[in-house]
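To keep things clear, I will list the structure first and then write my remarks on it.
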Amino acid sequence: MKILVIGSGAREHALCYLISKSSLVSSIYAIPGNYGISQLAECEQIDQTDFEKIYDFCKSKMIELVIVGPEVPLVAGIVDFLKEKEIKIFGPDKYASQLEGSKGFMKDLCKQNSIPTADYARFDNKEEAINYLNAQSLPIVIKADGLAAGKGVTVADTKKMAEQAINDIFDEKFGANMDVVIEEFMDGEEASYFVCCDGEDFVSLESAQDHKRIGENDTGPNTGGMGAYSPAPIFTPKIKEQVDREIITPTLKALKKNGHPYKGILYAGLMIKDGYARLVEYNIRFGDPECQVLMLRMKNDLIKLILDCLEGSLSKTKLEWEDDNSATVVVAAKGYPGDYKKNTKIIGYENFESNDLFQVFHAGTKHDGNNLLANGGRVLSVTAKNKNLRDALNMIYAYIGQLDWPDGYYRRDIGKKAIK
Ligand code: AMP
Ligand code: GLY
């Protein structure tokens, strides 16, 4: 089969890595891809939301299956668009994609279906938002009601900080016309849980734990994710059973009832405390960097899983995972998630043996013919698996230690909490 992967991050590089192992695949294409992906796929520079051009590309290359990595084209309706033109595509439709695209939609759906999540209120007016805020206790969480690449959320310890976050959203710092969602702060430990749904049934993928803050010991601003490991020990079989029953199943039922059965990967961001999980957020895709750690552990043929999902036969699918622990550490450009330099040279990136245990997935990289250059915020996602997490992390940090890239930054404490 000819496969097209949409996206340009380390998540899509990891997807291409597993896709390239599938016996069902003859060639892989990527829009727009990156330097790492170009080692496995033919990359084409098309805007991820230019659906007409993507469709023309699919026709010209006789693409048989499109796999979408990031949320932006999904929320913009790429699945509805290509499906109508009879191109096979994996992911939820535009309606179901609101689970991630609109925090208000997601919170309303939870409320209507008694899904455990933080209490909230939604405002399109600054004065009402501030009045509500003044009646709440601290800490409190302020969110922009739309896609903001993980940056539209503020966990505020003071009223001043919360007010500033509300002002930023109404000043359109994260995009035009966004409402404000004010949420109860949930204490606990976070985990990411993934399921693959065919509209009727779902299969559980494994759990992972992401490190969202830029600084060590989970300090500083939120990022897209600075590292991850899988499995997440906090996500016990008992929690899984509760999440499947109280969160995933009612969500899928509600979407089906509304005429938009969910097909694709559903990612539940969870807050776990005292043996009970509540939903923080839904994403409509694999996580980045969680995808990297899952792809190294998945034993199944990913394309077979996706085809089963599209055919609606997941009830017969059994997923298998390596017992190993996997981890990934993101190497970012210094300054990220704020401003950072572009086109800085990374030396030594090719010094590793690429195998089932160790992979360097690229995000913001390009090659000028001589050198590998960093051209994004998150740049490399160095990923390993081993019998125990500590050994996997040792492999990763040994590789990063030999990189010659003075403009790079990474957290040295990824996975620390899970190592007893
Ligand atoms: P979101 O984009 O909604 O996932 O939020 C990003 C991050 O903000 C989450 O991963 C949490 O770390 C934090 N967060 C969001 N909502 C809450 C909440 N209600 N209580 C505590 N932390 C939260
Ligand atoms: N790792 C968080 C995300 O993909 O949204």
Side-chain angles (χ1 to χ4, degrees), residues 7 9-12 14-15 68-72 74-75 97 99-107 110 115-122 136-157 161-162 165 169 174 178 180-194 205 207-215 218-230 232 265-273 277-295 328-330 332 337 361 363 377-378 381 411 414:
R11 165 181 52 209
E12 289 75 27
L15 290 171
V68 189
E71 63 278 14
V72 171
L74 291 168
V75 171
S97 294
L99 279 183
E100 176 166 1
S102 163
K103 300 217 185 269
F105 174 90
M106 170 276 199
K107 297 298 284 188
C110 287
I115 293 169
T117 184
D119 280 340
Y120 74 106
R122 184 178 174 183
Q136 306 304 309
S137 55
L138 294 169
I140 187 108
V141 184
I142 312 292
K143 298 185 175 183
D145 188 12
L147 292 184
K151 292 170 204 147
V153 175
T154 304
V155 178
D157 295 319
M161 198 175 164
I169 295 167
F174 304 104
M178 284 195 191
V180 163
V181 172
I182 302 183
E183 263 184 38
E184 165 203 358
F185 172 79
M186 293 188 287
D187 193 18
E189 195 171 333
E190 284 184 74
S192 309
Y193 171 51
F194 300 85
L205 278 69
S207 60
Q209 206 144 347
D210 181 12
H211 296 63
K212 287 212 167 88
R213 305 290 191 100
I214 187 72
D218 299 324
T219 52
N222 267 329
T223 68
M226 294 303 293
Y229 55 91
S230 172
I265 299 294
L266 181 62
Y267 159 167
L270 305 167
M271 189 68 79
I272 301 172
K273 191 174 180 219
R278 293 204 283 164
L279 183 68
V280 178
E281 64 164 344
Y282 268 133
N283 294 313
I284 51 166
R285 50 171 175 87
F286 276 115
D288 183 346
E290 294 97 323
C291 183
Q292 291 86 300
V293 288
L294 293 179
M295 291 303 102
T328 192
V329 176
V330 170
F361 296 122
R378 290 190 291 172
S381 181
R411 278 180 59 167
I414 301 300

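Atom set for the values below is all heavy atoms of this structure, side chains included, hydrogens, waters and symmetry mates excluded. Worth saying up front: this structure is predicted, and the values here are computed from it rather than measured. Indexing begins at 1, ligand by ligand and atom by atom, following the structure's order.
Shown here are the ring pair (Phe, Tyr, Trp, His ring centres under 6.0 Å) partners of Phe361, two or more places apart in sequence or in another chain: His13, Tyr17.
Under 4.0 Å from any atom of ligand 2, one finds heavy atoms of residues Asp210, Lys212, Gly224, Tyr267, Asn283, Arg285, Gly287, Asp288, Pro289, Glu290.
Here is the list of ligand 1 atoms found below 4.0 Å of a heavy atom in Phe185: 20 (N), 21 (C). Every atom of ligand 1 is numbered from 1 in the order shown, and the set under 4.0 Å from a heavy atom of Val141 is 16 (N), 17 (C), 18 (C), 19 (N), 20 (N). The distance from ligand 1 to the heavy atoms of Glu184 drops below 4.0 Å at these ligand atoms: 18 (C), 19 (N), 20 (N). Each of the following atoms of ligand 1 lies closer than 4.0 Å to a heavy atom of Ala118: 19 (N).
In this structure, Arg285 contributes its side chain and Val68 its backbone to no donor-acceptor pair below 3.5 Å. Although no hydrogens or angles enter the test, the distance criterion places a donor-acceptor pair under 3.5 Å between the side chain of Arg411 and the main chain of Gly215. In this structure, the side chain of Glu12 engages the main chain of Gly9 through a donor-acceptor pair within 3.5 Å. Under a 3.5 Å cut-off, the side chain of Asp145 and the backbone N or O of Lys103 do form a donor-acceptor pair. Checking side-chain atoms of Thr223 against main-chain N and O of Lys212 turns up a donor-acceptor pair under 3.5 Å.
Residues Val75 and Ile284 are in side-chain contact: their nearest non-hydrogen atoms beyond the backbone lie under 4.5 Å apart. Within the 4.5 Å cutoff, the side chain of Arg122 has heavy atoms near those of the Val181 side chain.
With distances taken over non-hydrogen atoms, the option nearest atom 12 (O) of ligand 1 out of Lys212, Arg213, Glu190 is Glu190. Residue Lys103 holds the heavy atom nearest to atom 2 (O) of ligand 1 of all those in Lys143, Met271, Met106, Lys103.
Screening Glu281, Arg278, Lys107 for a side-chain hydrogen bond (donor to acceptor under 3.5 Å, both in side chains) involving Thr117 leaves a single residue, Lys107.
Ser192 approaches Asp210 most closely through the heavy-atom pair OG-CB, 4.3 Å.
When heavy-atom distances to ligand 1 are checked against a 4.0 Å cut-off, Met186 comes that close through both its backbone and its side chain. Only the side chain of Asn222 comes within contact range of ligand 1, with a heavy atom under 4.0 Å; no backbone atom does.
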